[in-house]
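Read the structure below first, then the notes.
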Amino acid sequence: MAVQPDTARSIEQLISLTGKVAVVTGAARGIGHAIAQRFGEAGASLVLGVRDMPSPTSGLTQLGEDQRVEAIELEASDPDSQQHLASEA
């Protein structure tokens, strides 16, 4: 018997990340943005690695409701940039 997905419950009802910090790279768009949005909905504070710093109207900083959301400029191939992102988490 196949297990049916539980689509009737919200992410907050399925998992709580309150008190946790999620580090998401590529959060400015696409899959990274969708992941950051879901982590924020689940209550995680967000440290977002982005290639170009977002404008205040980009919507990135509104991903979390009551938790910290911080966008950090990241060059993923640069170890110093990676270390900076990790230190901010």
Side-chain angles (χ1 to χ4, degrees):
M1 176 191 296
V3 176
Q4 297 297 318
D6 189 350
T7 58
R9 294 191 294 170
S10 69
I11 190 75
E12 299 92 347
Q13 294 169 319
L14 294 172
I15 187 171
S16 174
L17 296 176
T18 302
K20 307 288 184 183
V21 177
V23 177
V24 182
T25 61
R29 62 177 190 261
I31 293 171
H33 184 80
I35 291 169
Q37 185 175 19
R38 291 297 185 197
F39 282 165
E41 289 171 1
S45 294
L46 302 170
V47 176
L48 309 174
V50 296
R51 183 177 296 158
D52 299 309
M53 289 302 289
S55 69
T57 59
S58 72
L60 261 185
T61 55
Q62 284 83 35
L63 287 174
E65 292 181 16
D66 297 325
Q67 64 274 35
R68 174 180 78 135
V69 178
E70 187 172 353
I72 306 292
E73 192 167 4
L74 171 69
E75 176 53 55
S77 63
D78 178 16
D80 290 334
S81 184
Q82 296 166 8
Q83 184 60 43
H84 177 67
L85 177 68
S87 71
E88 292 297 321

E70: partners by salt bridge (charged side-chain N to carboxylate O under 4.0 Å, His left out), with sequence neighbours left out: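 E70 satisfies salt bridge (charged side-chain N to carboxylate O under 4.0 Å, His left out) with R68 once adjacent residues are dropped.
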In one Ile/Leu/Val/Met/Phe/Trp/Tyr side-chain cluster, 4.5 Å: L85, I31: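 In one cluster with L85: I31, no.
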Single-linkage hydrophobic cluster, 4.5 Å side-chain cutoff, V24 and I72 together: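 Different hydrophobic clusters.
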Non-neighbouring partners of E75 that pass side-chain hydrogen bond (donor to acceptor under 3.5 Å, both in side chains), sequence neighbours left out: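 By the side-chain hydrogen bond (donor to acceptor under 3.5 Å, both in side chains) rule, E75 matches S77.
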Minimum-distance pair of heavy atoms, taken over all atoms of L48 and A36: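 Closest pair (atom of L48, atom of A36, distance): CD2-CB, 3.7 Å.
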Distance (rounded to the nearest 0.5 Å) between K20 NZ and I15 CD1: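 Interatomic distance, K20 NZ to I15 CD1, rounded to 0.5 Å: 10.0 Å.
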Rounded distance (nearest 0.5 Å) linking atom CZ of R51 with atom OG1 of T25: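 Reported value, rounded in 0.5 Å steps: 10.5 Å.
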Non-neighbouring partners of T18 that pass side chain to side chain contact (heavy atoms under 4.5 Å, CB included), sequence neighbours left out: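 Applying side chain to side chain contact (heavy atoms under 4.5 Å, CB included) to T18 gives S16.
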Contacts of type side chain to side chain contact (heavy atoms under 4.5 Å, CB included), residue A89, not counting sequence neighbours: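 So A89 forms a side chain to side chain contact (heavy atoms under 4.5 Å, CB included) with V21, V23, V47.
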